[in-house]
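Reviewing the structure listed below.
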Amino acid sequence: MEEKTRLFGVIGHPIKHSLSPIMHNAAFKKLGLRCSYSAFDVAPEDLEAFVERCRENNFSGFNVTVPYKEKIMEYLDSVDENSKLINAVNTVKLEGRLLVGYNTDGLGCVKALGEAGEKIKGKRVLLLGAGGAARAISFQCVLEGAELMISNRTMMKAMDLSKEIKEKLGRRVLVVNYSEKSLKDIMPCVDVLVNTTTVGMHPKIHSSPISMEALRKEVTVMDIIYNPLETQLLRNAKKKGCKTINGVGMLVHQGAESLRIWLNTKPPTEEMRKAVMEKLG
Ligand code: ATR
């Protein structure tokens, strides 16, 4: 009998611009697997029904993106420790009829940093932002032994996140005022800066979450935004002489870690990156 195609996908709303199908289908091709990955735009009122249908159909797993990373947890049978910490899921695996949630966002970011030569253990990492992406990345940074600082426009959100990390992991996270002066003052104590805010994302490509004056050449600057590939922040950082890392690495590695969970195999990250880069031009 012919082997059935295993189905994977990503759910979100909207989802039109997702690069995940291109990236994962390139990986399946390289691995020679009979698998297919599609994007599903699921309206909020259809989320539960969609998840239930996944159990019945030939689904093996799916990614979850904005705005469902938290909401999806209500419909899963269990979630791993990491997702519990972050309180969000970006990867679901079907184990028989059971739906199990994982989160690979933070690990994807740390792997991308590592690949670029930034092992963060013992490093002083300043995160800009305290939204969903920042949550995943901050817990992973602390778990990997970084000394974390967080700065966010809405300071209360940074303080809440810092408090939560202290409660859950017993580690202190410094909250830095999101002002020109405070950011400039703290910069001599920063090894790695990671932008997790949406500032600089298409279409507002000329804004930066931090001024060029506040940067120092000793700091490695990563932006998790990949559209555009080179954000204003990264352009400024390059001018300043900083080492820079764009958002493609995190995109590829969070996807690669999802694949590892679904297939239990080493993901072909170079093919995944190539597929993404072809699309992003
Ligand atoms: P994501 O899931 O991508 O993390 P999010 O949860 O909506 O998105 O978080 C967006 C982040 O970008 C937040 O930290 C937000 O700051 P606030 O908490 O103050 O809203 C930050 N952000 C968005 N627009 C910003 C702006 N114009 N200036 C500074 N920070 C901004």
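Both counts, for ligands and for their atoms, begin at 1 and track the order of listing.
- Here the side chains of L126 and S151 are in contact, with some heavy-atom distance below 4.5 Å.
- Among pairs with a residue in residues 123-132, those fulfilling side-chain hydrogen bond (donor to acceptor under 3.5 Å, both in side chains) read E118-K123, R124-D191, at least two apart in sequence or across chains.
- Salt-bridge check for E164 with R135: passed, with a basic side-chain N closer than 4.0 Å to an acidic carboxylate O.
- Using a 30° and 60° split on the angle between ring planes, H24 and F28 fall in the tilted class, from 30° to 60°.
- In this structure a side-chain-to-backbone donor-acceptor pair under 3.5 Å is present from D80 to S83.
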Need the list: ligand 1 N/O atoms against protein N/O atoms, distance under 3.5 Å, rounded to one decimal.
unit_1, atom_1, unit_2, atom_2, d
ligand 1, 4 (O), G132, N, 3.1
ligand 1, 4 (O), A133, N, 2.9
ligand 1, 6 (O), G132, N, 2.9
ligand 1, 12 (O), T198, N, 3.4
ligand 1, 14 (O), A130, N, 3.0
ligand 1, 14 (O), N152, OD1, 2.7
ligand 1, 16 (O), N152, OD1, 3.2
ligand 1, 18 (O), N152, ND2, 2.8
ligand 1, 18 (O), K157, NZ, 2.7
ligand 1, 19 (O), R153, NE, 3.0
ligand 1, 19 (O), T154, N, 3.0
ligand 1, 19 (O), T154, OG1, 2.5
ligand 1, 20 (O), R153, NH2, 2.9
ligand 1, 27 (N), R153, NH1, 3.3

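- Annotation: F62 is not in aromatic contact with F8 [ring centroid separation under 6.0 Å not met].
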